[in-house]
Amino acid sequence: MTVKIGLIGLGMIGRDHLQRFNQVITGAKVTAVCDINRTTADNLAAEYHATAFYHADELINSDLVDAVFICSVGPAHKAQILSAFNAGKPVFCEKPLTPTANESREIIDAEVRSGRRLLQLGFMRRFDPGYQALKQVIRKGELGEIMLMHCAHRNPSVPENYTIEMAINDSATHEIDIIRYLLNEDIVAVRVDKPRKKTRRAYAHLQDPLIVIFETESGVRIDDELFVNCHYGYDIRCEVIGENAIAGLTEQALTCTRSVAGMSHHIPHSCMERFATAYDREVQNFVDNISRGEEMSGPSAWDGYVVALVCDAGLASLKDGQRHDVVIPECPALYA
Ligand code: NAD
Ligand code: ISE
């Protein structure tokens, strides 16, 4: 069976996934594409031999589509996900689930009413070999009691339309999810610190870098450096500090060069380069579940909702600099 995919949102990540479906993924074909920019939709439909749509609902309800793949901007996600649920079609949605927790709650309630998991969320780091290996190390108990974590989320640059709030609900979302994945517990408090100094490379409206401090249920304290105009590359770092040992992600480069200048290796320049394997695996997971007639697995709407709750607290702290508690309601049985 070839799963017929309808892909909505043909920007940076949408095009990357389109190419992935064309070159890497087995068992699926993109039969329909949609973008509010008609020229973009027409051009990519022609290039990939798909049908162009300009309204998401029309693509979602089309017989050309078995499963919906959402890569539009965050504020458009809720309506498109609910429309896919109404059509009874499985849906992959890029992160964030929605920009606010209240909107995410509506998605939880709708999916629970449907009685089955229909959605996989695009927290691709859970499919990254490095993070998976780190989780195994933690699970085996080699580190002893975990006390601290140091994370860094460095992007070479961000466009002018990237707002300070996006540092929390677009970038830090990845750390919030991966902290929960690695430690198997929830975040209960957040504080955002604005260092007095900011990089000259950021647009005037941005405070960059930021430091976010998280605290988990058991008391693990995590610092996350968000530096989205770091200039030198796309560099994602994570170190877990235990009582007996410390473990972290390694450099990702496959080769290392020795020269008179010393040792050097390549540093990725985009998320598409750094997480290529993770994206391949998350998308194949989505397709395989549909091909086998199984419910969705991997990051869920619940994960998206909890991350949105942490982001809401982070946004409040961005305004007042205070520590904000995160209150997480009981998890519905569907996601247990
Ligand atoms: P982008 O701005 O480059 O592209 C978004 C596209 O969606 C544009 O072509 C726009 O015209 C289209 N669009 C907007 N509203 C639409 C609507 N209602 N219906 C149809 N099309 C619509 O953005 P991007 O960087 O590709 O990001 C898209 C989404 O993917 C965001 O949610 C972002 O957070 C996420 N993302 C995830 C990762 C990751 O690492 N997992 C990386 C980049 C982006
Ligand atoms: C972007 O939307 C992503 O999801 C990238 O993975 C992240 O590194 C970047 O900061 C976000 O803007």
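Every number for a ligand or one of its atoms is a count from 1 in the order of the listing. Only heavy atoms go into these numbers, but all of them, side chains included; no hydrogens, no water, no symmetry mates.
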If you define the side chain from C-beta out and look only at heavy atoms, does anything of [X] sit under 4.5 Å from [Y]?
X: Thr277; Y: Phe275; value: no
X: Ile8; Y: Phe69; value: no
X: Leu118; Y: Lys89; value: no

- Message: So which atom in Ser72 and which in Gln80 form the shortest heavy-atom distance, rounded to 0.1 Å?
- Response: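 Looking at all heavy atoms of both residues, the closest pair is OG-OE1, 2.7 Å.
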
Where does [X] meet ligand 1, judged by heavy-atom distances below 4.0 Å: at the side chain, the backbone, both, or neither?
X: Leu10; value: backbone
X: Met12; value: both
X: His77; value: side chain

May I ask whether [X] places a heavy atom under 4.0 Å from ligand 1?
X: Arg15; value: no
X: Gln80; value: yes
X: Thr40; value: no
X: Ala56; value: no
X: His174; value: yes

For [atom], find the nearest protein heavy atom and state the residue, atom name and distance (0.1 Å precision).
atom: atom 6 (C) of ligand 1; result: Gly11 N, 3.6 Å
atom: atom 2 (O) of ligand 1; result: Val73 CG1, 4.1 Å
atom: atom 28 (C) of ligand 1; result: Cys71 O, 3.3 Å
atom: atom 41 (N) of ligand 1; result: Glu94 OE1, 3.0 Å
atom: atom 40 (O) of ligand 1; result: Tyr279 OH, 2.6 Å
atom: atom 32 (O) of ligand 1; result: Lys95 O, 2.8 Å
atom: atom 13 (N) of ligand 1; result: Ile36 CG1, 3.8 Å
atom: atom 11 (O) of ligand 1; result: Asp35 OD1, 2.6 Å

Using a strict cut-off of 4.0 Å, indicate which atoms of ligand 1 neighbour a heavy atom of [X].
X: Gly122; result: 41 (N)
X: Ile8; result: 20 (C)
X: Pro96; result: 32 (O), 34 (O)
X: Cys271; result: 42 (C)
X: Gly74; result: 32 (O)

Atoms of ligand 2 less than 4.0 Å from [X] heavy atoms?
X: Tyr162; value: 12 (O)
X: Ser171; value: 9 (C), 10 (O), 11 (C), 12 (O)
X: His174; value: 3 (C), 4 (O), 5 (C), 6 (O)

- Item | Min N/O separation Asn155 to ligand 2 under 3.5 Å |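 Right, the criterion is met.
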
- Query: Got an N/O contact under 3.5 Å between Asp170 and ligand 2?
  - Reply: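 Yes, at least one N or O pair falls under 3.5 Å.
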
- Pair Tyr181, Arg125: side-chain N/O donor-acceptor within cut-off below 3.5 Å: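 Distance-only check fails for Tyr181 and Arg125.
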
- Gln207-Arg196 side chain donor-acceptor pair, cut-off 3.5 Å: no

- Of Leu7, Ile70, Leu97, Ile13, the residue with the heavy atom nearest atom 26 (O) of ligand 1 is Ile13

- Message: Can you check which of Gly9, Pro159, Ala76, Ser72 brings a heavy atom nearest to atom 29 (C) of ligand 1?
- Response: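 The residue whose heavy atom sits nearest atom 29 (C) of ligand 1 is Ser72.
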
Basic-acidic side-chain contact under 4.0 Å: [X], [Y]:
X: Arg274; Y: Asp235; answer: no
X: Arg180; Y: Asp186; answer: yes
X: Arg38; Y: Asp42; answer: no
X: Arg191; Y: Asp193; answer: yes
X: Asp177; Y: Lys95; answer: no

- Message: Any protein heavy-atom neighbour for atom 18 (N) of ligand 1 (distance below 4.0 angstrom)?
- Response: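 Within 4.0 Å: yes, protein heavy atom nearby.
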
- Query: Can you tell which part of Lys95 has a heavy atom less than 4.0 Å from ligand 2: side chain, backbone, both or neither?
  - Reply: side chain

- So which bit of Tyr234 gets within less than 4.0 Å of ligand 2, heavy atoms only: side chain, backbone, both or neither?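 Answer for Tyr234: side chain.
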
- Item | Any residue meeting side chain to side chain contact (heavy atoms under 4.5 Å, CB included) with Arg292, in chain and number order, not counting sequence neighbours | Asp288, Asn289, Glu294

- Task: Could you tell me whether Tyr279 and His17 have their ring centroids closer than 6.0 angstrom?
- Result: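 Tyr279 vs His17: aromatic centres under 6.0 Å.
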
- Item | Heavy-atom gap Glu94 to ligand 2 smaller than 4.0 Å |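 Distance cut 4.0 Å: Glu94 fails for ligand 2.
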
- Query: salt bridge (Lys or Arg N to Asp or Glu O under 4.0 Å) between Arg113 and Asp109: does it pass, once the steps are laid out?
  - Reply: CA-CA 6 Å; Arg113 273 197 305 275; Asp109 294 342; 5.5 Å; no

